[in-house]
Asks: 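First, the structure itself, so that you have it in front of you.
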Amino acid sequence: MSIRTRFAPSPTGYLHVGGARTALFSWLHARKHGGRFILRIEDTDIERSSVESVNAILEGMTWLGLEYDEGPIYQTNRFDRYREVIRQLLDSGDAYRCYCTREELEQMRAAQMTRKEKPRYNGRCRTGAEPREGVQPVIRFRNPVEGAVVVDDLVRGRIVFNNCELDDLIIARSDGTPTYNLTVVVDDLDMGVTHVIRGDDHINNTPRQINILKALGAEPPHYAHVPMILGDDGKRLSKRHGAVSVMQYREDGYLPEALLNYLVRLGWSHGDRELFSVDEMIALFDIRDVNKAASTFNSEKLLWLNHQYIMNSEPEHVAHHLSYQMGKLGIDPADGPPLVEVVKAQRERTKTLVEMARNSIFFYREFDSYDEKAARRNLKPQALEPLSDMLGSFRALPSWSREAIHRVVQETAELRQLKLGKVAQPLRVAVAGGGVSPPIDTTLQLLGRERTIRRIERAIAWIEAHAGSS
RNA sequence: GCUCCCAUCGUCUAGUGGUCCAGGACGUCGCCCUCUCACGGCGAAAACAGGGGUUCGAGUCCCCUUGGGAGUACCA
């Protein structure tokens, strides 16, 4: 039988990194085995679900490149089918109506707690309860009281739950809408899901779901419960607790492949290897190799990985993502050197695309003022002569090539008997506005002759104007 | 409280009873390279939570303790 996996988020927020990793594992498992990956939207909680969230999740999946083969399937479109299954369970005696009120249930739980018992439904309506005036019943699944449920989890190994620990869960609310544990079971069954890969916060739901499946006469799928991701503070990373949206990483200048690579290494590894292309992940990933322990999200390592991808990916690819950041800064790439060349010049020194864009603004637009510290250290009267020398040389330079520019800078240093730094650094501040830029010849070459000359003139004027005051 | 899960450097991890005085990576700290910032190179500090077993031998198997996490909803 061909493998089918699914990612089933509830649309109550954006796609966060924890969900993204679960989706990635599920996606990888399907891709590796030539199976199919299904996206299902678990929106039965109408109160908390929203179309904005659905769009945010879809957007995140698209940006990461986790394309799905089927879906998105919305549970709210399947209510008829759930009702049908609930009817079936009712008819077979595997479910029953419960007329207990919320208040009664709360009291019951409170009493159990004080007795140090596990709070659970006591089965009061289990053996046929009379309808009560003014109470719309819920429907409960009749869980077996004897025996045990054995889950052979692909990452956890064997987990055994005694049925006597489980209670009769609600499968339909008093308004008739189905609840999570019922819809999951029905959907996974109908969609032919062979491997349920999800967060380990669902481990405790698994035996209940298996029991429902059995009542329906179905064979349970394989389960793989992957550990949670913890935040920097060691607490669970979730929507409720400091989870970070996948799309935030796009805004912050990360490449999707870098995030994917970081996520796949959280809880999974392959020897000493750190870098995996998506194809390599597909080839090497095995759900059985996933760790059991929760892991902590480490932004520093993600940053390093991002830098690796910026340095080693095709410059065209990086440039494509850089253009998004340039756009946010209001810069038109047509106003300066080709983005690809900027990428090649900047990639070693910027860890994010945001940083790269910011540090490259001066190629496209005039800067307002010099970096104060850099100007104080470099734009001094002593720099006047070398700058003037170079201004003349650059005007006369037959070809605006890196080699020629480099020669000018070097010859100026020799002529004035200065170290290269004493000449290059003032020049750098003059053209870039600050003390940091790619190698000086590359910087000038990309900037172009006209801009270079104008900026040297500006710097000379600035030095002369500030000569007295410093 | 109860049920379930987890436990190797600060962090991600390798390790499937001997080859581990525990390997790699991020980060940190030195040194080298250098026109700035980086990249790169070399090196250092840094861990088997604790206690009992089993075994000729345990990071690796078992038990307990401790510490984390999840669930315990007419949420998913």
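Owing to the predicted nature of the structure, the values given are computational and were not obtained by experimental measurement. Residue numbers begin at 1 in each chain, while the letters A, B, ... track the order of the sequences.
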Asks: Name all pairs fulfilling the salt bridge (Lys or Arg N to Asp or Glu O under 4.0 Å) condition that reach into residues 377-391 of chain A, sequence neighbours left out, sorted by first residue then second.
Replies: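 Applying salt bridge (Lys or Arg N to Asp or Glu O under 4.0 Å) to every pair that reaches into residues 377-391 of chain A, excluding sequence neighbours, yields A/E385-A/R416, A/D389-A/R416.
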Asks: Which heavy atom of A/F394 sits nearest to which heavy atom of A/I456, and what is that distance?
Replies: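 That would be CD1-CD1, 3.7 Å.
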Asks: Kindly say if A/T296 contacts the phosphate of B/rU11, meaning a side-chain N or O under 4.0 Å from OP1 or OP2.
Replies: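 Result: no.
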Asks: So which nucleotide from B/rA73, B/rC5, B/rG1 ends up closest to the side chain of A/P119?
Replies: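 Of all the options, the side chain of A/P119 is nearest to B/rG1.
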Asks: Among the candidates B/rA76, B/rG71, B/rG1, find the nucleotide nearest to the side-chain atoms of A/E42.
Replies: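 Among the listed nucleotides, the one closest to the side chain of A/E42 is B/rA76.
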Asks: B/rA76 C1' sits how many Å from A/L169 CG, rounded?
Replies: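 Those two atoms, CG and C1', are 13 Å apart.
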Asks: Is A/T177 close enough to B/rC74 that one of its side-chain N or O atoms is under 4.0 Å from OP1 or OP2 there?
Replies: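 False: A/T177 side-chain N/O out of range (4.0 Å or more) of B/rC74 OP1/OP2.
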Asks: Need one value for A/E274: base, sugar-phosphate or nothing, where a base atom within 4.0 Å counts as base even if backbone is also close, heavy atoms only.
Replies: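 Result for A/E274 = base.
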Asks: Test of understanding: with side chain to side chain contact (heavy atoms under 4.5 Å, CB included), list the residues that count as partners of A/E47, not counting sequence neighbours.
Replies: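 A/D45.
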Asks: For B/rU66 versus B/rC56, give the span between their P atoms, rounded off to a whole number of Å.
Replies: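 Pairwise P distance, B/rU66 against B/rC56, rounds to 32 Å.
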Asks: Which part of the nucleic acid, if any, lies within reach of A/R115 when heavy atoms closer than 4.0 Å are counted: base, sugar-phosphate only, or nothing?
Replies: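 No contact.
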Asks: Please list, chain by chain and in numerical order, all residues satisfying side-chain hydrogen bond (donor to acceptor under 3.5 Å, both in side chains) with A/R21, sequence neighbours excluded.
Replies: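 None.
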Asks: Take atom C1' in B/rG23 and the same atom in B/rA47, then report the distance between them in whole Å.
Replies: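 One C1' to the other, the span is 12 Å.
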Asks: On a whole-Å scale, what distance lies between the C1' atoms belonging to B/rA25 and B/rA14?
Replies: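 Taking atom C1' in both B/rA25 and B/rA14, they lie 11 Å apart.
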Asks: B/rC20 pairs with which nucleotide, Watson-Crick or G-U wobble, both distances below 3.5 Å?
Replies: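 B/rC20 is paired with nothing.
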Asks: Using a 90° cut-off around 0 for syn, call B/rC39 syn or anti.
Replies: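 Syn, since the glycosidic angle lies within 90° of 0.
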Asks: In whole Å, what separates the C1' atom of B/rA58 from that of B/rU19?
Replies: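 Roughly 15 Å separates the two C1' atoms.
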Asks: Taking B/rG59 as the reference, what is the distance to B/rG15 when you measure between their C1' atoms (whole Å, please)?
Replies: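 Here B/rG15 and B/rG59 have their C1' atoms 8 Å from each other.
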Asks: Considering all heavy atoms of both residues, which atom of A/T443 and which atom of A/S437 are nearest to each other, and what is their separation?
Replies: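 Shortest heavy-atom separation between A/T443 and A/S437 comes out as OG1-OG, 3.0 Å.
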Asks: Work out how far the C1' atom of B/rG30 is from that of B/rG18, and round it to whole angstrom.
Replies: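 The answer is 37 Å between these two C1' atoms.
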Asks: Rounded to whole Å, please give me the gap between CZ in A/R40 and C1' in B/rA76.
Replies: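 For the pair A/R40 CZ and B/rA76 C1', the rounded distance is 11 Å.
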Asks: From B/rC12, B/rU3, B/rA76, pick the nucleotide closest to the side chain of A/E165?
Replies: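 Ranking B/rC12, B/rU3, B/rA76 by closest atom to the A/E165 side chain puts B/rU3 first.
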Asks: Considering every strand and a 4.0 Å limit on heavy-atom distances, what is the contact class for A/S174: base, sugar-phosphate, or nothing?
Replies: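 Contact class for A/S174: base.
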Asks: Figure out the OH/C1' separation between A/Y309 and B/rA25, and round it to whole Å.
Replies: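 My rounded result for the distance is 14 Å.
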Asks: For residues 161-172 of chain A, tabulate all N or O donor-acceptor pairs below 3.5 Å that involve a side-chain atom, not counting sequence neighbours.
Replies:
from   : atom 1 : to     : atom 2 : distance (Å)
A/N163 : OD1    : A/N143 : ND2    : 3.4
A/N163 : OD1    : A/N211 : ND2    : 3.0
A/N163 : ND2    : A/E146 : O      : 2.8
A/D167 : OD1    : A/R208 : NH1    : 3.1
A/D167 : OD2    : A/Y121 : N      : 2.8
A/D168 : OD1    : A/R126 : NH1    : 3.0
A/D168 : OD1    : A/N143 : N      : 2.9
A/D168 : OD2    : A/Y96  : OH     : 2.6
A/D168 : OD2    : A/R126 : NH1    : 2.8

Asks: Please name the nucleotide paired to B/rC37 by Watson-Crick or G-U wobble geometry with both distances under 3.5 Å, or report none.
Replies: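 Pairing partner, where one exists within any strand: none, as none qualifies.
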Asks: Going by purine N1 to pyrimidine N3 plus the second Watson-Crick contact, or the G-U wobble pair, all under 3.5 Å, which nucleotide sits opposite B/rG30?
Replies: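 Base-paired to B/rC42.
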Asks: Can a side chain N or O of A/R109 be found less than 4.0 Å away from OP1 or OP2 on B/rA73?
Replies: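 True: A/R109 side-chain N/O within range (under 4.0 Å) of B/rA73 OP1/OP2.
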Asks: Between A/D175 and A/A293, who's closer to the 5' end of RNA chain B by nearest nucleotide?
Replies: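 Per heavy-atom nearest nucleotide, the more 5' residue is A/A293.
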Asks: What interatomic distance, in whole Å, is found between C1' of B/rG68 and the corresponding atom of B/rU8?
Replies: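 Per the computed distance, 16 Å lies between those C1' atoms.
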Asks: Rounded to whole Å, how long is the line connecting atom CZ of A/R273 with atom P of B/rG24?
Replies: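 About 18 Å, once rounded to whole Å.
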Asks: Tell me which donor-acceptor pairs under 3.5 Å the side chains of residues 308-315 of chain A have, and how far apart each pair is, sequence neighbours excluded?
Replies:
from   : atom 1 : to     : atom 2 : distance (Å)
A/Y309 : OH     : A/N261 : OD1    : 2.5
A/Y309 : OH     : A/F276 : O      : 2.9
A/N312 : ND2    : A/Q308 : O      : 3.0
A/S313 : OG     : A/Y309 : O      : 2.6

Asks: Between A/Y262 (side chain only) and A/S299 (backbone N and O only), is there a donor and an acceptor less than 3.5 Å apart?
Replies: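 No, A/Y262 side chain to A/S299 backbone: no donor-acceptor pair under 3.5 Å.
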Asks: According to the Watson-Crick and G-U wobble definitions, with both distances under 3.5 Å, which nucleotide is paired to B/rC4?
Replies: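 Paired with B/rC4, as far as the under-3.5 Å criterion goes, is B/rG69.
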Asks: Tell me: CG of A/N204 to P of B/rU72, nearest whole Å?
Replies: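 Value for this atom pair: 8 Å.
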Asks: Once you apply a heavy-atom cut-off of 4.0 Å, does A/N378 come out as touching a base, just sugar-phosphate, or nothing?
Replies: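 Nothing: the residue A/N378, judged by heavy atoms under 4.0 Å, touches no strand.
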Asks: Please list, by residue number, the residues of residues 149-163 of chain A whose heavy atoms come closer than 4.0 Å to an atom of RNA chain B; answer none if no residue qualifies.
Replies: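 Going residue by residue through residues 149-163 of chain A, the ones with a heavy atom under 4.0 Å of RNA chain B turn out to be A/R156, A/I159, A/F161.
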Asks: Assign A/T183 to base, sugar-phosphate, or nothing according to its heavy-atom contacts below 4.0 angstrom with the strands shown.
Replies: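 Here A/T183 touches no strand at all.
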Asks: Roughly how many Å apart are B/rC61 and B/rC42, using the C1' atom of each and rounding to a whole number?
Replies: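 Per the computed distance, 41 Å lies between those C1' atoms.
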Asks: What pairs with A/N205 under side-chain hydrogen bond (donor to acceptor under 3.5 Å, both in side chains), at least two apart in sequence or on another chain?
Replies: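 Counting only residues at least two positions away or on another chain, A/N205 forms a side-chain hydrogen bond (donor to acceptor under 3.5 Å, both in side chains) with A/H202.
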Asks: Looking at A/N181 and A/Q209, would you say the former's side chain and the latter's main chain have a donor-acceptor pair under 3.5 Å?
Replies: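 Looks like no, no N/O pair under 3.5 Å.
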Asks: Give the rounded distance in Å between these two atoms: CZ of A/R265 and C1' of B/rA25.
Replies: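 The answer, rounded to whole Å, is 7 Å.
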Asks: Mark up nucleotides 26-46 of chain B, 5' to 3', with B wherever a protein heavy atom is under 4.0 angstrom from a base atom, S wherever such an atom reaches only the sugar-phosphate, and - elsewhere.
Replies: SS-------BBBSS-------
Asks: For A/M113 and B/rG71, what is the distance between atoms CE and C1' respectively, to the nearest whole Å?
Replies: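 It works out to 12 Å between those atoms.
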Asks: Looking for any heavy atom pair under 4.0 Å, which part of the strands does A/G267 touch: base, sugar-phosphate only, or nothing?
Replies: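 It contacts sugar-phosphate atoms only.
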Asks: For A/L302 and A/Y249, which heavy atoms make the closest approach, and how far apart are they?
Replies: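 In this case the closest contact between A/L302 and A/Y249 is CD2-CE2, 3.5 Å.
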Asks: For residues A/R265 and A/S295, is any side-chain donor paired with an opposing acceptor at under 3.5 Å?
Replies: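 There is no such pair between these side chains.
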Asks: What residue pairs, at least two apart or across chains, pass salt bridge (Lys or Arg N to Asp or Glu O under 4.0 Å) with a residue in residues 95-114 of chain A?
Replies: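 For residues 95-114 of chain A, and leaving out neighbouring residues, the salt bridge (Lys or Arg N to Asp or Glu O under 4.0 Å) pairs sorted by first residue read A/E104-A/R124, A/E104-A/R132.
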Asks: How close or far is atom P of B/rA25 from atom NE2 of A/H270, stated in whole angstroms?
Replies: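 Checked: the NE2 to P distance equals 17 Å.
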Asks: Tell me which nucleotide, if any, is Watson-Crick or G-U wobble paired with B/rA25 when both distances must be under 3.5 Å.
Replies: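 Check on B/rA25: paired to B/rU11, both distances under 3.5 Å.
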